[in-house]
J.: 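Following this message is one structure expressed as structure tokens.
Ligands are counted one by one from 1 in listed order, and the atoms in each one are counted from 1 as well. Not measured: the values here are computed from a predicted model.
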Amino acid sequence: MRAVDVIARKRDGAELSTEEINFFIKSFTEGTTPDYQAAAWLMAVYLRGMSRRETIDLTMAMVHSGEVLNLSDVLPVSVDKHSSGGVGDKTSLIVLPLVAACGVPVAKMSGRGLGFSGGTLDKLEAIKGYRVALTQDEFREHARKYGIVLAGQSARLAPADGRLYALRDVTATVSSLPLIASSIMSKKIAAGADAIVLDVKVGLGAFMTHIDEAKQLARLMVDIGEGVGRRVVALLSDMNQPLGCAVGNALEVAEAVECLHGQGPADLREHCLAVAAHMLRLARKDNSEYAMAECMAEAAKNLDNGQAFEKFRVLVQAQGGDVSMVDDPARLPKANIIETLTATQSGYVAQLNALQVGMASVDLGAGRERKEDNIDHAVGVVVHKKVGDAITVGEPTFTLHANDRARLEQARRRLDNTIVYSAHPTAPLPTFYDIIGAQ
Ligand code: URA
């Protein structure tokens, strides 16, 4: 078989065979198919698309391009979650300990933030000493011993995806449904997940800005997972405005701790309870409505009675983090300059652009513009009003936490006109738009 023939067949709109896809991914991983041929193939896939069967084959070829984790000796069932990325999304910090507190052990690998979208590892590293780089043996041992582990994604899992993603980034081929779906699902399957809750964000601060597109992506990922025997549910959640109020690493850890004490923003609590309940339901293999209501109640109980927070402490301590920072979030890294912006009009909030808030947080240094950039854990933005809230001129809109005046000014300029006001009452945004799969 020759790579050039596989490229030509996809260019001409053919459905590739399982053998062709396996050959292409294997030869690319081994280095016998060079980047320029892979780039041409990616563009052909981008333009011609892939059938469901081709997408499942591509996913599994990427899974088998590296190690596949088998956690069955340390976890009764491996239930994972994945967020498609957004602004203020500190869900994993809350949901993982919450699910573990409900008696379902969890072992998750997470990523770093890029651009306006934050990453769980960066947030965890705001806690002094927290180690995200665990060996595979440590990862397994923590899962067994503590019932919770949250560490960085191993480069040995789905390495073909890592290399293909780097090519997609520079060849304008990222936004293809089969390529996105197979990329996400290959990493989850390689990490040993038996059951997966996908949190597909939709809106101004998400990868998918339109609901129809997000539904298609969600359906495809559920089909891939189910096609290879995993239990999968996809929740379509709002990302027009940030989730919760805090955006920026230490600020988000502090807000996660609030939520773990049964407090904090209502949308964040609602979001985390639903994700946790779906994880519990999938782990217990019960799809009934009754089971969902039971799981929601169990999750709420463990959030409010302090058990979820206790599990978070266990996680932080086990991975070398300074637990006094979660006991007293005032000890987390703090910015030197704190300034609050105020409303320029009275009325109701009609739009609070999550993308602009996320970019303002990057302006302040909380995120990276390039992969190799350093980040400042202390800085970020706190949102005081959400869509649907009444607002009076002069009331606080955003508080900026900065360590640099020039950066502060840049973020301020960006946020000055971010809120769209309405003279008439506006409806709050829903937390979720739809649920796909595992009904
Ligand atoms: N996240 C991934 O892991 N892969 C994609 O292709 C897009 C988002």
J.: Suppose I only count heavy atoms of Tyr165 and a 4.0 Å limit; which atoms of ligand 1 are within that range?
T.: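 The atoms of ligand 1 under 4.0 Å from a heavy atom of Tyr165 are 4 (N), 5 (C), 6 (O), 7 (C).
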
J.: Could you find the nearest protein heavy atom to atom 4 (N) of ligand 1 and give me its residue, atom name and distance?
T.: Ser183 OG, 2.6 Å

J.: Quick one, Ile375 and Glu125 - any side-chain contact, counting heavy atoms below 4.5 Å?
T.: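 No, their side chains stay 4.5 Å or more apart.
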
J.: Does the pair Glu138/Lys145 count as a salt bridge with the N-to-O cut at 4.0 Å?
T.: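 The answer is no: the pair does not qualify as a salt bridge.
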
J.: What residue and atom, counting heavy atoms only, is the protein's closest point to atom 8 (C) of ligand 1, and at what distance?
T.: Phe207 CE2, 4.0 Å

J.: What closest approach, in Å, do Val383 and Pro242 show between heavy atoms, and which atom pair accounts for it?
T.: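 Looks like CG2-CG, 4.1 Å.
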
J.: Please give me the minimum heavy-atom distance between Leu280 and Cys295, naming the atom from each residue.
T.: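 Looking at all heavy atoms of both residues, the shortest contact is CB-SG, 3.8 Å.
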
J.: Under 3.5 Å, N or O to N or O, is Arg168 touching ligand 1 that way?
T.: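 N/O-N/O distance under 3.5 Å: yes.
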
J.: State whether Arg412 and Asp416 are salt-bridged, where the test is any N-O pair (Lys NZ or Arg NE/NH1/NH2 against Asp/Glu carboxylate O) under 4.0 Å.
T.: no

J.: Identify, for atom 3 (O) of ligand 1, the protein heavy atom at the shortest distance, and state residue, atom and that distance.
T.: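 In this structure, atom 3 (O) of ligand 1 has Lys187 NZ, 2.6 Å as its nearest protein heavy atom.
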
J.: Give me the nearest non-hydrogen protein atom to atom 1 (N) of ligand 1 as residue plus atom name, then the distance to 0.1 Å.
T.: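 Going by distance alone, atom 1 (N) of ligand 1 is nearest to Ile184 CG1, 3.8 Å.
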
